[in-house]
Structure formats: structure tokens, C-alpha cells
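What follows is a single structure, written as C-alpha cells, with notes after it.
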Amino acid sequence: MNKIADNLKRVQDNIAAACQRCGRQTSEITTVVVTKSANIDMIKEVVRLGCTDLGENRVQHLKITAEDLDIFLSQNANNPNIPKQITWHMIGHLQRNKVRQLLRNCQIIHSVDTLRVAEEVSRDAEKALVTPKILMQVNCSQEPQKYGVPVGAAVHLAEQIVTMPNIKLVGLMTMAPLTLDIDIVKESFARARELFEEIKGEKIAGPEFNQLSMGMSQDYEIAIEYGATILRIGSAIFS
Ligand SMILES: *Cc1c(COP(=O)(O)O)cnc(C)c1O
């Protein structure tokens with residue numbers, strides 16, 4: 001468990017250094033701790049260390065973990081060092097038949113990449129009387145990735161999403177290609193940033209459109225340089 005504390009400290013120090021290099025404030029950046037490779041004791045440990053934003057890519061694992069953590073938080077309600085509340089981020093590919101279940105535990109969905117999924121989230125949110133935040137996942141690599149709306153179709157999808165009730169479009173999410181070639185990673189972050197600024201500039205969404213979710217364990221320092229406001233980090237903390 002000491003290892004998790006050390007890892008987290010190292011990541012936080014790297015984030016601070018990267019911010020300093022490009023003149024940004026660490027307060028502009030939310031770190032989502034990705035729990036997919038962690039067990040419940042490891043997850044409780046990061047919460048004890050003060051992490052309040054957790055991310056999962058499977059609905060079922062998110063649900064089980066969120067329920068376990070709710071009990072943990074209520075047992076520790078009098079402990080000032082333990083957060084009162086967790087914000088859950090869904091970062092994985094979303095099947096439409098899982099949306100309703102997801103909305104019970106999750107406040108922000110990073111992986112909306114088709115009209116049909118957006119419509120399902122909107123419909124289920126309306127029924128459940130919730131208004132989840134969503135990010136549109138964009139495929140910013142030149143490679144044919146499985147998920148994410150193509151850059152050329154993104155503005156149009158954003159225009160459609162903002163008309164739907166009970167969902168709030170707050171930004172974009174992207175994944176860089178899995179490569180050690182830093183220039184390719186930079187290119188895809190630059191493309192995401194450009195699209196983010198375009199949607200913001202054209203005022204397609206409201207002022208709440210201000211989140212750019214990009215950067216994982218391999219590339220979060222580069223993502224900061226390209227304007228990321230949400231980092232999604234798993235293995236650098238849990239391994
Ligand atoms: C697993 C995952 C992450 C975190 O990846 P690490 O390399 O472990 O930091 C971030 N985003 C998504 C969508 C993921 O599936």
C-alpha cells in the first residue's frame with residue numbers, strides 16, 4: 001500500500017512539474033484514477049489518500065465498486081481525511097443496454113461517440129430524473145480505432161447532442177494511439193485540442209463545455225502540454 005502512496009505522489013509531482021513547464025495551474029486539472037486493474041483494497045487506499053475522482057471502463061465493475069465504496073465512506077463519515085463523496089467517470093465503451101444501470105452510480109460519461117448512445121443516455125436520464133455530464137469521445141488518431149466519432153463528424157454530433165434533454169455536454173475525450181512515437185501522440189492531442197477550441201468558439205455548447213479528457217499513464221505529461229483538463233491514470237498508480 002505504501003507503493004500506491006509513492007506512485008500517487010510521483011504522478012502528482014510529475015503533473016505539477018508539467019504544469020509549471022507550460023505555465024498552467026494544477027488546479028485546472030482533474031486526475032481520474034482508473035480502477036480497472038485494482039482490487040477494492042487498493043481502491044480504498046487511493047480514496048484514503050484523498051482521491052475523489054475514479055474511472056472505470058466496465059459498467060458492472062463500476063457498480064460493484066461504487067456500492068462497496070459507499071459503505072466505506074459512510075463508515076468513515078467522521079474521518080476528516082476521507083472524502084465525503086466520490087465522482088465516478090465511465091471511460092469505457094458503452095453498450096446501450098447498460099446505460100440505465102450505469103446512471104445509478106456514475107456522474108460523468110466520457111465515451112459517448114454515436115447519436116444512438118447519446119439518445120439512450122438522454123432517454124434513460126430523463127426517466128431516472130438525473131442530468132449526467134457527458135464528453136464526446138473523438139477518434140483523433142489517423143489509425144482506424146474502434147471507438148470514437150471521426151474528427152470530421154464531431155461538430156455535427158455535438159450539435160445534435162446539445163439539443164437532447166437531461167444530458168450536459170461538457171467536453172471531449174480522446175485516446176492517443178498506443179505508440180512510443182511521441183510525435184504521433186502529440187499530433188493526436190493537438191487535433192483534439194483544435195476540435196475542442198472549434199466547438200467552444202462556435203458556441204455550439206454552453207459555457208459548461210470546458211473539459212478536455214486526454215492523457216493516460218504513458219502520456220499524461222504531454223497531454224497537459226496540449227491543454228488536457230482531465231487525465232485518466234491507472235497503471236502508473238496501481239502497478
Ligand atoms: C485503462 C484506461 C485508461 C488508463 O490507462 P493507464 O495506461 O493504465 O493509465 C485511461 N483511459 C481509458 C479509456 C482506459 O481504458
Side-chain angles (χ1 to χ4, degrees), residues 3-15 18 29-39 42-43 45-46 49 51-66 86-95 98-99 102 105-114 117 121 132-141 143-149 154 170-182 184-186 188-189 191-193 196 211-239:
K3 189 147 174 244
I4 291 178
D6 290 348
N7 286 345
L8 183 65
K9 172 84 167 58
R10 184 173 341 104
V11 167
Q12 287 167 339
D13 287 349
N14 289 342
I15 291 171
I29 292 172
T30 301
T31 301
V32 172
V33 178
V34 176
T35 58
K36 69 180 173 217
S37 65
N39 63 38
M42 296 156 85
I43 298 169
E45 182 62 15
V46 292
L49 292 164
C51 297
T52 56
D53 287 80
L54 303 181
E56 251 299 325
N57 50 5
R58 280 174 305 142
V59 171
Q60 189 61 21
H61 200 225
L62 190 154
K63 169 187 152 67
I64 292 168
T65 313
I86 298 297
T87 300
W88 275 100
H89 299 246
M90 172 62 183
I91 60 173
H93 179 65
L94 190 52
Q95 290 168 299
K98 298 278 174 63
V99 170
L102 176 69
N105 302 105
C106 174
Q107 295 78 37
I108 171 162
I109 304 171
H110 291 227
S111 44
V112 174
D113 62 353
T114 63
V117 167
V121 175
K133 296 177 180 174
I134 64 168
L135 299 156
M136 203 168 68
Q137 182 174 354
V138 185
N139 178 359
C140 288
S141 68
E143 300 161 0
Q145 281 187 359
K146 253 174 110 181
Y147 303 123
V149 58
V170 300
L172 301 182
M173 183 271 242
T174 202
M175 286 172 86
L178 275 178
T179 170
L180 294 174
D181 186 335
I182 288 180
I184 292 176
V185 172
K186 287 183 171 176
S188 92
F189 288 161
R191 207 168 291 124
R193 170 70 179 270
F196 175 69
Q211 301 292 339
L212 187 52
S213 167
M214 59 189 193
M216 309 180 10
S217 294
Q218 294 301 325
D219 52 25
Y220 65 93
E221 290 160 283
I222 304 171
I224 290 170
E225 194 185 318
Y226 282 83
T229 64
I230 302 179
L231 313 172
R232 309 178 310 269
I233 302 181
S235 50
I237 293 169
F238 288 119
S239 61

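Whatever order the structure lists them in is the order used to number ligands and atoms, beginning at 1.
At least one heavy atom of Met175 sits closer than 4.0 Å to an atom of ligand 1.
The protein heavy atom nearest to atom 9 (O) of ligand 1 is Ser217 OG, 2.5 Å. Nearest non-hydrogen protein atom to atom 8 (O) of ligand 1 is Ser235 N, 2.8 Å. Scanning the protein heavy atoms around atom 14 (C) of ligand 1, the nearest turns out to be Lys36 NZ, 3.1 Å. What sits closest to atom 5 (O) of ligand 1 on the protein, heavy atoms only, is Met216 CE, 3.5 Å. The shortest contact between atom 4 (C) of ligand 1 and any protein heavy atom is with Arg232 O, 3.7 Å.
Side-chain N or O atoms of Ser141 include none that pairs as donor or acceptor with a backbone N or O of Ala176 at under 3.5 Å. Judged purely by atom type and a 3.5 angstrom limit, Ser111 uses its side chain to pair as donor or acceptor with the backbone of Gly92.
Looking at Thr65, Ile91, Thr35 one by one, the single match for side chain to side chain contact (heavy atoms under 4.5 Å, CB included) with Leu54 turns out to be Thr35.
Between Arg10 and Asp6, none of the side-chain N atoms (NZ, or NE/NH1/NH2) sits under 4.0 Å from a carboxylate O, so this pair counts as no salt bridge.
To the nearest 0.5 Å, atoms SG (Cys140) and CZ (Phe196) are separated by 12.5 Å.
Each of the atoms 9 (O) of ligand 1 lies under 4.0 Å from some heavy atom of Ile233.
The N/O atoms of Gln218, backbone and side chain alike, include none that comes under 3.5 Å of an N/O atom in ligand 1.
Here the closest non-hydrogen pair linking Ala192 and Thr174 is CB-CG2, 3.7 Å.
For atom 13 (C) of ligand 1, the candidate residues are Leu231, Ile91, Val34; the nearest heavy-atom contact is made by Ile91.
Leu94 places a side-chain heavy atom less than 4.5 Å from the side chain of Val121.
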